[in-house]
Peer 1: 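Shown below is the structure under consideration.
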Amino acid sequence: MKEYRTVTQIAGPLVFVEKTEPVGYSELVNIVTADGTVKRGQVLDTSDEIVVVQVFETTAGIGRDSGIRFTGETIKMPVGRDMLGRILSGGGKPIDGGPEIVPEKRLEITGAAINPYARSSPEDFIQTGISTIDGTNTLVRGQKLPIFSASGLPHNDVALQIARQAKVPGSTEEFAVVFAAMGITREEANYFMADFEKTGALERSVVFLNLADDPAVERTITPRLALTTAEYLAFDLGYHVLVILTDMTNYCEALRQIGAAREEVPGRRGYPGYMYTDLASIYERAGIIKGVKGSVTQIPILTMPGDDITHPIPDLTGYITEGQIVVNRELHRKGIYPPINVLPSLSRLMNLGIGKGHTREDHKKVSDQLYAAYAEGNDLRGLVAIVGKDALSERDRMFLEFADLFEDRFVRQGLYEDRSIEETLDLGWELLATLPEEQLVRIDRELIQKYHPKYRKKAQG
């Protein structure tokens, strides 16, 4: 293996090397410092004149006299059946005190895009145990459904609750969770590890933890390592895998940092112009392949800078993914957990995974009626602020009270409360029973007579 000592410049995590042999994009590099320390890097850019190497660790100690060796290989993830139950660093190394992973395969982390013709339409309901997701913004196997949050909101708790509780009701197929955290603090990492171990969720999970003080370059490979692991579990071993990626904002900040070091022409708000393509290369690695057992479902979580849903990160994510779950600061201020606002939330594939044979025949109608009644009650809050409650009609007052009841009973639930879809729908009916029957305009008469608490009590009596 040739060694070059032609380093001309070091900028942030980047090392510029001149006069090399032809080098491939994404090729792995070993950098030998003056004291014999070997650091790892990856080719970020290559041309006849210069090669740009991004270093996975700190560039401290690298100088003009450092030796550069191109390995001729790209980054591969060692994967095996015994990965379940393991906690790994953002670079894929075990950090749980256990042994090294004995690989059954070594897979390219860039993955291969699923041919659109080979994709199977998602239609299997995944139960998260959270009513605002299961009841009104249903997650379907093979979907990519992001959670839009903001700093200071409990999105990490929501992520952990989904990781603990997610399942396909009535299915005996094997279910696994791949959890990748990027740019988190040591305190958050300890919290994640303790929760996974305490609740037993670790047994069916693979956890990747990239810390805030880890190099930004490592942050850009963490989601790809996680998704490569998920694809192996899904398409080689037949697992149905839920991938939770938090926080994609930290990932995008790492892209911006590397772009600035490369002196690229910035796009919107300083982020690289290729950020859409880069995010798509991650999000599009979800789905089901016809004739292949297993599936990959994604829940990317991102914090919207300044609570701004039009910021480039949530904006581009919304274009690529199939809906969004919005975590709301106003509900959080009221002390409601999980503070998920169903009004701006949306699951575009919801209708494929609900109804008879999936959840229950009344699911769609109950969801629509709950949404409509809550939206009307929520709008009336603005009117009350102007004209006062006394100026409202009796009907308006009823919907105003419904909005409070919906938040207090349907949205609010315990951190460890795992509601089945039947419990969620029955709770929805209990809330709708507080409204006169003539107001339930979105539900068919036969469904009202079958599921409305008033008629069910009569039938049981």
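For the single chain, residues carry numbers from 1 onward in sequence order.
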Peer 1: Apply the test ring pair (Phe, Tyr, Trp, His ring centres under 6.0 Å) to residues Phe179 and Phe192: give CA-CA distance (whole Å), side-chain angles for both, the deciding distance (0.1 Å), then the verdict.
Peer 2: CA-CA 10 Å; Phe179 189 98; Phe192 284 143; 5.0 Å; yes
Peer 1: Are Arg409 and Glu430 ion-paired here, with the side-chain N under 4.0 Å from a carboxylate O?
Peer 2: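 Here Arg409 pairs with Glu430 in a salt bridge, since their nearest N and O are under 4.0 Å apart.
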Peer 1: Hey, what's the ring geometry for Phe125 with His363, parallel, tilted or perpendicular (30° and 60° as the breaks)?
Peer 2: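 Correct class here is perpendicular.
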Peer 1: Taking Asp444 for its side chain and Leu447 for its backbone only, find out whether a donor-acceptor pair lies under 3.5 Å.
Peer 2: no
Peer 1: Quick check on side-chain contact (heavy atoms from CB on, under 4.5 Å): which of Ile87, Val207, Leu202, Asp96 does Met193 satisfy it with?
Peer 2: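 Only one of Ile87, Val207, Leu202, Asp96 forms a side-chain contact (heavy atoms from CB on, under 4.5 Å) with Met193, namely Ile87.
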Peer 1: Is the shortest side-chain N to carboxylate O distance from Asp418 to Arg164 below 4.0 Å?
Peer 2: no
Peer 1: Heavy-atom count around Glu446 CD within 6.0 Å, excluding the residue itself: above 12?
Peer 2: yes
Peer 1: Got a donor-acceptor contact below 3.5 angstrom from the Asn115 side chain to the Tyr117 backbone?
Peer 2: yes
Peer 1: Could you verify whether a donor N or O on one side chain and an acceptor N or O on the other, from Thr317 and Tyr283, lie under 3.5 Å apart?
Peer 2: yes
Peer 1: Identify whether the distance between the nearest side-chain nitrogen and carboxylate oxygen of Glu437 and Arg445 falls below 4.0 Å.
Peer 2: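 Salt bridge between Glu437 and Arg445, a charged N being under 4.0 Å from a carboxylate O: yes.
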Peer 1: If you compare all heavy atoms of Gly152 against all heavy atoms of His332, which two are closest, and at what distance to 0.1 Å?
Peer 2: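 Closest heavy-atom pair between Gly152 and His332: O-NE2, 3.6 Å.
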Peer 1: Look at the side chain of Lys167 and the backbone N and O of Gln165, then say whether any donor-acceptor pair between them is shorter than 3.5 Å.
Peer 2: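 It does hold such a pair.
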Peer 1: Report yes or no: does His155 contribute a side-chain atom to a donor-acceptor pair with the main-chain N or O of Leu153 at less than 3.5 Å?
Peer 2: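 Answer holds: yes.
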Peer 1: Could you pull out the closest heavy-atom pair between His358 and Ile354, with the gap in Å?
Peer 2: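 His358 and Ile354 have their closest heavy atoms at CD2-O, 3.7 Å.
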Peer 1: Do the side chain of Gln449 and the main chain of Tyr455 share a donor and acceptor less than 3.5 angstrom apart?
Peer 2: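 No, because the side chain of Gln449 does not come within donor-acceptor range (under 3.5 Å) of the backbone of Tyr455.
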Peer 1: Regarding Glu284 and Arg119, does a basic nitrogen lie under 4.0 Å from an acidic carboxylate oxygen?
Peer 2: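 Yes, Glu284 and Arg119 are salt-bridged.
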Peer 1: Ion pair present between Asp236 and Lys105, side-chain N to carboxylate O less than 4.0 angstrom?
Peer 2: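 The answer is yes: the pair qualifies as a salt bridge.
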Peer 1: Does a side chain donor of either Thr74 or Glu108 reach within less than 3.5 Å of an acceptor in the other side chain?
Peer 2: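 Distance-only check passes for Thr74 and Glu108.
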Peer 1: Starting at CD of Gln413, measure out to CG of Leu427 and round the result to the nearest 0.5 Å.
Peer 2: 9.0 Å
Peer 1: Start with the C-alpha gap between Tyr337 and Arg412, add the side-chain angles, then the distance that decides, and say whether side-chain contact (heavy atoms from CB on, under 4.5 Å) holds.
Peer 2: CA-CA 5 Å; Tyr337 173 87; Arg412 186 197 299 274; 5.9 Å; no
Peer 1: Determine whether more than 12 heavy atoms belonging to other residues, nucleotides or ligands lie under 6.0 Å from atom OH of Tyr274.
Peer 2: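 Atom OH in Tyr274 is crowded, with more than 12 foreign heavy atoms closer than 6.0 Å.
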Peer 1: With a 4.5 Å limit on heavy-atom distance, are the side chains of Ile130 and Pro338 in contact?
Peer 2: yes
Peer 1: Counting only heavy atoms from other residues, nucleotides and ligands, does the tally under 6.0 Å from CD of Glu203 exceed 12?
Peer 2: no
Peer 1: Identify the heavy atoms of Arg141 and Ser295 that sit nearest to each other, and give their distance.
Peer 2: CG-OG, 3.1 Å
Peer 1: Inspect the surroundings of CZ in Arg186 and state if more than 12 heavy atoms from other residues, nucleotides or ligands are less than 6.0 Å away.
Peer 2: no
Peer 1: Quiz question: by atom type and distance under 3.5 Å, do the side chains of Tyr251 and Asp278 form a donor-acceptor pair?
Peer 2: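 Their side chains do contain a donor-acceptor pair, which is all the 3.5 Å distance test asks for.
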Peer 1: Between Leu245 and Met248, is a side-chain contact (heavy atoms from CB on, under 4.5 Å) present by the stated rule, with each step listed?
Peer 2: CA-CA 7 Å; Leu245 304 171; Met248 289 306 294; 4.0 Å; yes
Peer 1: Without swapping roles, check the side chain of Thr303 against the backbone of Ala150 for a donor-acceptor pair under 3.5 Å.
Peer 2: no
Peer 1: Please indicate whether Arg348 has more than 12 foreign heavy atoms, meaning atoms of other residues, nucleotides or ligands, lying under 6.0 Å from its CZ.
Peer 2: yes
Peer 1: Heavy-atom count check: over 12 atoms from other residues, nucleotides or ligands less than 6.0 Å from Lys389 NZ?
Peer 2: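 Open.
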Peer 1: Show your working on side-chain contact (heavy atoms from CB on, under 4.5 Å) between Val241 and Phe175 and close with a plain yes or no.
Peer 2: CA-CA 6 Å; Val241 187; Phe175 195 90; over 6 Å; no
Peer 1: Checking side-chain hydrogen bond (donor to acceptor under 3.5 Å, both in side chains) against Asp134, which of Thr359, Thr128, Thr424 comes through?
Peer 2: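 One option only clears the test, and that one is Thr128.
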Peer 1: In Å, rounded to the nearest 0.5 Å, how long is the span from CG of Asp396 to CG of Leu380?
Peer 2: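 The CG atom of Asp396 sits 4.5 Å away from the CG atom of Leu380.
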Peer 1: Does atom NZ of Lys334 have more than 12 heavy-atom neighbours, drawn from other residues, nucleotides or ligands, at distances under 6.0 Å?
Peer 2: yes
Peer 1: Do the side chains of Arg219 and Leu255 get nearer than 4.5 Å, heavy atoms only?
Peer 2: no
Peer 1: In Å, rounded to the nearest 0.5 Å, how long is the span from CG of Leu145 to CG of Leu139?
Peer 2: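 Here the interatomic distance stands at 5.5 Å.
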Peer 1: With the threshold set at 4.0 Å, does a side-chain nitrogen-carboxylate oxygen contact exist between Glu423 and Arg360?
Peer 2: no
Peer 1: Kindly indicate, with the supporting measurements, whether the criterion side-chain contact (heavy atoms from CB on, under 4.5 Å) is fulfilled by Ile443 and Asp362.
Peer 2: CA-CA 8 Å; Ile443 305 182; Asp362 59 327; over 6 Å; no
Peer 1: State the CD-CZ distance between Gln324 and Phe148, to the nearest 0.5 angstrom.
Peer 2: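 One finds 5.0 Å between CD of Gln324 and CZ of Phe148.
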Peer 1: Can any side-chain N or O of Arg329 pair as donor or acceptor with the backbone N or O of Pro339 at less than 3.5 Å?
Peer 2: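 Checked: no pair found.
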Peer 1: With a sphere of 6.0 Å drawn around CD of Glu394, does it hold more than 12 non-hydrogen atoms of other residues, nucleotides or ligands?
Peer 2: no
Peer 1: Can a side-chain donor-acceptor contact be found between Gln143 and Glu322 if the only test is distance below 3.5 angstrom?
Peer 2: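 Their side chains do not contain a donor-acceptor pair, so the 3.5 Å distance test is not met.
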Peer 1: Answer yes if the side chains of Arg224 and Ser281 hold a donor-acceptor pair under 3.5 Å, and no otherwise.
Peer 2: yes
Peer 1: Rounded to the nearest 0.5 Å, what's the gap from CG on Leu107 to OG1 on Thr229? Could you check?
Peer 2: 8.5 Å
Peer 1: For a quick check under 3.5 Å, do Glu253 and Tyr271 share a side-chain donor-acceptor pair by atom type?
Peer 2: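 Yes.
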Peer 1: Would you give the length of the straight line joining atom NE2 of His452 to atom CG of Leu440, rounded to the nearest 0.5 angstrom?
Peer 2: 5.5 Å
Peer 1: Between the side chain of Asn210 and the main-chain N/O of Gly90, is any donor-acceptor distance below 3.5 Å?
Peer 2: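 Between the backbone of Gly90 and the side chain of Asn210 there is no qualifying donor-acceptor contact (under 3.5 Å).
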Peer 1: Would you check if His240 and Thr297 make a side-chain contact, meaning some heavy-atom pair closer than 4.5 Å?
Peer 2: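 With C-beta onward as the side chain, the pair stays apart.
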